[in-house]
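Everything quoted here is computed from the prediction, not taken from an experiment. The first residue of the sequence shown is numbered 1, and numbering continues consecutively from there.
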Amino acid sequence: MAGTIRLQGENVEHRTAHERARAGICLIPEGRGIFRRLTVRENLTMQVGRRHLNGSLEKATARFPKLGQRMDQVAGTLSGGEQQMLALARALVSDPLVVMADELSVGLAPVVVDEIFEALEVLEAEGRSLLLVEQYVERAVGIADYVYILQKGEIVFVGEPSQCASGVVFARYLGASA
């Protein structure tokens, strides 16, 4: 309800979505946020432009080989898991400073959830900052530096993942252990 949004000390709060993306913020909204009528290749091209396309496509398909097999397929005809891979591939190819992802694992098979979290771990290892809203709390905490728990829009807990290890924090704020 108050405050500012800063990226590397610069206020980005009132910038457009395109300006925020150029500044280094990649948003992967709940529901995938892909261009369903474009092909996989066109979706990735929209993210990086033609100049850097070849290296970017290689990076995306190295992490998600299924996308490499479907470059010319219309994105809306991909399975839900493949659509989520494409959404996350945007972060892999655009080299953002910050990746904000909302419920990446919703409705996905466990094997796909594993692939998604492996890609998040790659982004984290590359030094990207991740802001995750995630139903698999234990998985998210496993790659987190800090944990924030919100209730009705209010931050009720801030701490390190080790503080959540016993499950007491989750029991107190979420009503169950992770």
Side-chain angles (χ1 to χ4, degrees), residues 5 17 20-21 24-44 46-47 59-71 73-126 128-159 161 164-165 167 169-178:
I5 303 169
R20 288 179 185 168
I25 299 172
C26 179
L27 172 64
I28 305 169
E30 184 176 1
R32 314 229 191 333
I34 60 170
F35 295 98
R36 297 179 53 78
R37 292 186 179 179
L38 299 180
T39 66
V40 169
R41 183 184 320 277
E42 290 167 335
N43 267 273
L44 294 172
M46 294 269 305
Q47 194 65 30
K59 191 172 184 180
T61 57
R63 174 55 43 205
F64 299 120
K66 289 179 185 175
L67 293 180
Q69 300 165 7
R70 291 169 172 70
M71 278 293 158
Q73 186 172 334
V74 174
T77 65
L78 298 171
S79 72
E82 291 164 344
Q83 288 182 25
Q84 196 65 299
M85 289 175 194
L86 178 57
L88 187 53
R90 293 175 33 227
L92 292 167
V93 301
S94 64
D95 293 327
L97 299 170
V98 178
V99 177
M100 299 183 338
D102 188 7
E103 298 289 359
L104 287 175
S105 64
V106 165
L108 301 181
V111 67
V112 178
V113 172
D114 290 342
E115 289 182 69
I116 295 296
F117 270 92
E118 287 170 11
L120 289 172
E121 289 168 1
V122 166
L123 289 166
E124 191 266 337
E126 291 176 348
R128 313 288 179 227
S129 294
L130 304 177
L131 175 62
L132 304 177
V133 175
E134 180 54 51
Q135 67 178 346
Y136 289 103
V137 176
E138 203 170 275
R139 299 287 302 264
V141 169
I143 59 174
D145 292 323
Y146 297 97
V147 176
Y148 293 80
I149 297 177
L150 285 81
Q151 280 185 338
K152 298 180 183 178
E154 300 279 332
I155 297 173
V156 295
F157 173 83
V158 177
C164 303
V169 168
F170 296 125
R172 179 174 178 195
Y173 296 109
L174 303 178
S177 62

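Residues satisfying the side-chain contact (heavy atoms from CB on, under 4.5 Å) criterion with Arg41, sequence neighbours excluded, are Thr39, Thr45, Leu57, Met71, Asp72. A search for side-chain contact (heavy atoms from CB on, under 4.5 Å) contacts involving Ala60 returns Leu44, Ala89, Val93, not counting sequence neighbours. Remark: Gln69 pairs with no residue by the side chain to side chain donor-acceptor pair (under 3.5 Å) rule, at least two apart or across chains. The side-chain contact (heavy atoms from CB on, under 4.5 Å) test applied to Leu131 returns Met100, not counting sequence neighbours. For Arg20, there are no salt bridge (charged side-chain N to carboxylate O under 4.0 Å, His left out) partners, not counting sequence neighbours. Applying the side chain to side chain donor-acceptor pair (under 3.5 Å) test to Arg139 and every residue at least two apart in sequence or in another chain returns Asp114. Every residue two or more places apart in sequence or in another chain that forms a side-chain contact (heavy atoms from CB on, under 4.5 Å) with Phe157 is listed here: Val147, Ile149, Gln163, Cys164, Val169, Tyr173. Scored by the side chain to side chain donor-acceptor pair (under 3.5 Å) test, Ser129 finds no partners at all (sequence neighbours excluded).
A side-chain contact (heavy atoms from CB on, under 4.5 Å) with Ile28 holds for exactly one of Leu88, Leu132, Ile34; it is Leu88.
Considering every non-hydrogen atom in both Leu120 and Leu130, the closest pair reads O-CD1, 3.6 Å.
Among pairs with a residue in residues 100-111, those fulfilling side chain to side chain donor-acceptor pair (under 3.5 Å) read Ser105-Glu134, Ser105-Gln135, at least two apart in sequence or across chains. Pairs of residues two or more places apart, or lying in two chains, that qualify as salt bridge (Lys or Arg N to Asp or Glu O under 4.0 Å) and include a residue from residues 79-91 are Arg70-Glu82. Legend: side chain to side chain donor-acceptor pair (under 3.5 Å) pairs involving residues 26-36, not counting sequence neighbours, sorted by first then second residue: Arg36-Gln83.
Lys59 and Glu126 are joined by a salt bridge, as a carboxylate oxygen and a charged side-chain nitrogen come within less than 4.0 angstrom of each other.
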